[in-house]
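A short write-up of the structure that comes next.
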Amino acid sequence: MKVTEFVERYAVDRRNTDSVKWDCLESEFGSSDLLPLWVADTEFKVPNAVTEALQARIYHGAYGYSRVVSGYQQAYINWQQQRYQTEIHPDWMRFGTGVVQSLSTLINVLTEPQEAVMVLQPVYYPFMHVIENNQRKLVVSELKRADHHYEMNFTDIEAKIKQQNVKLLINCSPHNPVGRVWTEKELTKLLEICRENEVLFISDEIHHDLIIGERPFISALSIADGLYRDNMVMVDSASKTFNLAALQNNHLVIPNPQLRTRYDNYVQRLKSPAGSLLGQVAAKAAYEEGAEWLAGMLGLIKQNFSYLKQHLEAASSAIEVFDLEGTYLAWVDLSQVIPPNELERVMKKDAKLALDFGKWFGEGGTGFVRINLATTPANIELAVKRLLSVIK
Ligand SMILES: Cc1ncc(COP(=O)(O)O)c(C=O)c1O
């Protein structure tokens, strides 16, 4: 599907629909007349098959307690197998109402209060919040900045794991905000360090369908033919891929039966919700019939990214737009063209843009912005125009 056709068919105005991105601008950024490119959701309607499946379920009219939607696990397993050759057994699957909620639960299942949990910064800020809000010790290893991309600092990771007695590492794969799709070699090395040091591993793979560059995605579950599976939990969701975040459904994949029992005991104690009916109805239809829609969406993100990169870097060699291998989130260093301590004011007051500010993702993100590309080309053109007007 051509980008223009995708936009014509699916772009939708989300103002006045209680959208956080559009309708909370005043409370979050102090002004409602900004162009919002912050929250990681999209400006597009879901595939038609998803709307039809939801309509069919809603017309039934009764929403009593429900079990996991029939055929749901198989639809997810097929999607994972056919697109990524990731093998998932239905017994390994558990359901939650959001990846962040699952991360918070897993921190409680896998670690004790005050124990150390590592993240690789700059990284999606709720990772830090769930660690600290659950009274665990946050340990940070900074990603190393290289030419237009970031790399893991294995020496630092291993040293800090040992020094700080790290018990759990949460990795973002593909990585929000730096846009990396980790190589098999990188993931193998990271997983091996964790195994050798008895560090449990959570792989947040929520962005795994959003592959923009050439490198194919590989799940941590598949590394070395599943050698590290017993040491990990993988969490993901259809919500980023298909714009379903408000329907609150996600998966946890726990291959190790002992870890699964620990998880089950914990959620039973809390009486946690076991997923969302409408979320599962929607995601099942998306996995079964959403591939063509997704191809259209990926074409759009690639086009928006090329436009952004080309125009920003042409305007100033001091702006660095990092390679986008995965996610729909561009990571841009503006520190050489706008003083970092003025960045927020300039973006809000002068450029009239609502973006994620890099420092939210950790100290290393100071002076950066994260730009959500899952919008119309017209919005990206407008954003570039406004950015360039404040840079010049
Ligand atoms: C890496 C990562 N994990 C989790 C989430 C949020 O997932 P959920 O809405 O299911 O809690 C996001 C959203 O941007 C994300 O980027």
Side-chain angles (χ1 to χ4, degrees), residues 18-21 24 28 36-43 46 76 93-107 117-131 133-134 143 150 168-182 187 201-212 217 219-220 232-253 272-276 278-280 282-283 286 297 301 324-331 354-358 360-362 365 369-375:
D18 300 312
S19 141
V20 171
K21 186 192 269 165
C24 298
E28 297 300 319
L37 301 169
W38 58 306
V39 179
D41 58 19
T42 88
E43 307 316 320
V46 297
Y76 172 71
M93 290 183 71
R94 295 294 181 270
F95 300 88
T97 52
V99 166
V100 175
Q101 177 255 327
S102 292
L103 292 175
S104 183
T105 303
L106 286 168
I107 284 170
V117 183
M118 177 178 266
V119 298
L120 311 184
Q121 277 187 0
V123 77
Y124 179 57
Y125 35 90
F127 282 14
M128 281 72 91
H129 302 164
V130 289
I131 294 167
N133 293 342
N134 282 296
L143 292 167
Y150 284 79
L168 176 68
L169 189 149
I170 308 178
N171 188 41
C172 194
S173 174
H175 193 282
N176 168 14
V178 309
R180 280 296 317 276
V181 170
W182 304 113
L187 288 174
F201 192 86
I202 298 178
S203 191
D204 179 341
E205 301 184 359
I206 196 169
H207 293 280
H208 81 268
D209 292 313
L210 301 161
I211 302 306
I212 309 303
F217 169 76
S219 170
M232 79 172 71
V233 178
M234 188 276 271
V235 285
D236 75 348
S237 165
S239 62
K240 293 288 144 211
T241 314
F242 292 106
N243 208 18
L244 299 171
L247 295 185
Q248 299 192 323
N249 167 59
N250 79 294
H251 330 109
L252 304 92
V253 178
S272 287
S276 142
L278 292 181
Q280 289 173 4
M297 175 78 184
I301 298 164
L324 189 68
E325 297 174 347
T327 82
Y328 50 62
L329 307 162
W331 184 238
L355 307 168
D356 271 33
F357 295 109
W360 297 351
F361 300 82
V369 290
R370 190 194 75 173
I371 301 174
N372 185 335
L373 301 165
T375 185

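Counting from 1, the numbers follow the sequence of the chain as shown. Both ligands and their constituent atoms are indexed starting at 1 by order of listing.
Across G365 and P122, no two heavy atoms sit closer than the pair N-CB, 4.5 Å.
Remark: the Y124 side chain and the D204 side chain contain no N/O donor-acceptor pair separated by less than 3.5 Å. Side chains of T327 and N176: no donor on one and acceptor on the other come within 3.5 Å.
In this structure, H207 has no ring-ring contact (aromatic ring centres under 6.0 Å, His included) partners at least two apart in sequence or on a different chain. A220 is linked by a side-chain contact (heavy atoms from CB on, under 4.5 Å) to L191, F201, S203, E205, M232, counting only residues two or more places apart in sequence or in another chain. Judged as a ring-ring contact (aromatic ring centres under 6.0 Å, His included), and not counting sequence neighbours, the contacts of F217 are Y84, H208.
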Can you pull every nitrogen or oxygen pair between ligand 1 and the protein closer than 3.5 angstrom?
unit_1, atom_1, unit_2, atom_2, d
ligand 1, 3 (N), D204, OD2, 2.6
ligand 1, 10 (O), V99, N, 2.7
ligand 1, 11 (O), V99, N, 3.2
ligand 1, 11 (O), V100, N, 3.0
ligand 1, 14 (O), K240, NZ, 3.0
ligand 1, 16 (O), N176, ND2, 2.8
ligand 1, 16 (O), H207, NE2, 2.7

